[in-house]
Amino acid sequence: MIKIMVLLHAAQGRDWQTPPKGTSLKTLAEAEEQGLIEIRGEFQKRQFRLTTRGFSTVEHDRKRLATRHS
């Protein structure tokens, strides 16, 4: 789950984007199975974007982290 959260936090908005370097296909597949991201493309040209559920998850986690640090 930690790898998935790193992937979600690396997302810049909800547009299509390239996954961060070092993100495995397994991590992408797990996040997609959980309904957090959508994937398109093949191998080197693979892209992802946050789903509504993924975006909500990231926003909730960012608020939680901000509260912990204040």
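With sequence neighbours excluded, the residues that form a side-chain contact (heavy atoms from CB on, under 4.5 Å) with I39 are L28, E32, I37, R46. By the side-chain contact (heavy atoms from CB on, under 4.5 Å) test, T18 is found to be paired with no residue, residues two or more places apart in sequence or in another chain being considered. The side-chain hydrogen bond (donor to acceptor under 3.5 Å, both in side chains) test applied to R68 returns no partner, not counting sequence neighbours. Residues satisfying the side-chain contact (heavy atoms from CB on, under 4.5 Å) test with K26, not counting sequence neighbours, are S24, E30.
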Counting only pairs under 3.5 Å, give me each side-chain donor-acceptor contact of residues 4-13, with atom names and distances, residues two or more places apart or in other chains.
| unit_1 | atom_1 | unit_2 | atom_2 | d |
| --- | --- | --- | --- | --- |
| H9 | NE2 | D61 | OD2 | 2.7 |
| Q12 | NE2 | A10 | O | 3.4 |

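Among pairs with a residue in residues 50-60, those fulfilling side-chain hydrogen bond (donor to acceptor under 3.5 Å, both in side chains) read R14-T52, at least two apart in sequence or across chains.
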Show your reasoning for whether side-chain contact (heavy atoms from CB on, under 4.5 Å) applies to F48 and E38. CA-CA 5 Å; F48 81 102; E38 294 177 63; over 6 Å; no
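Under a hydrophobic-cluster definition in which Ile, Leu, Val, Met, Phe, Trp and Tyr are linked whenever side-chain heavy atoms come within less than 4.5 Å, directly or via other members, M1 and L65 are assigned to different clusters.
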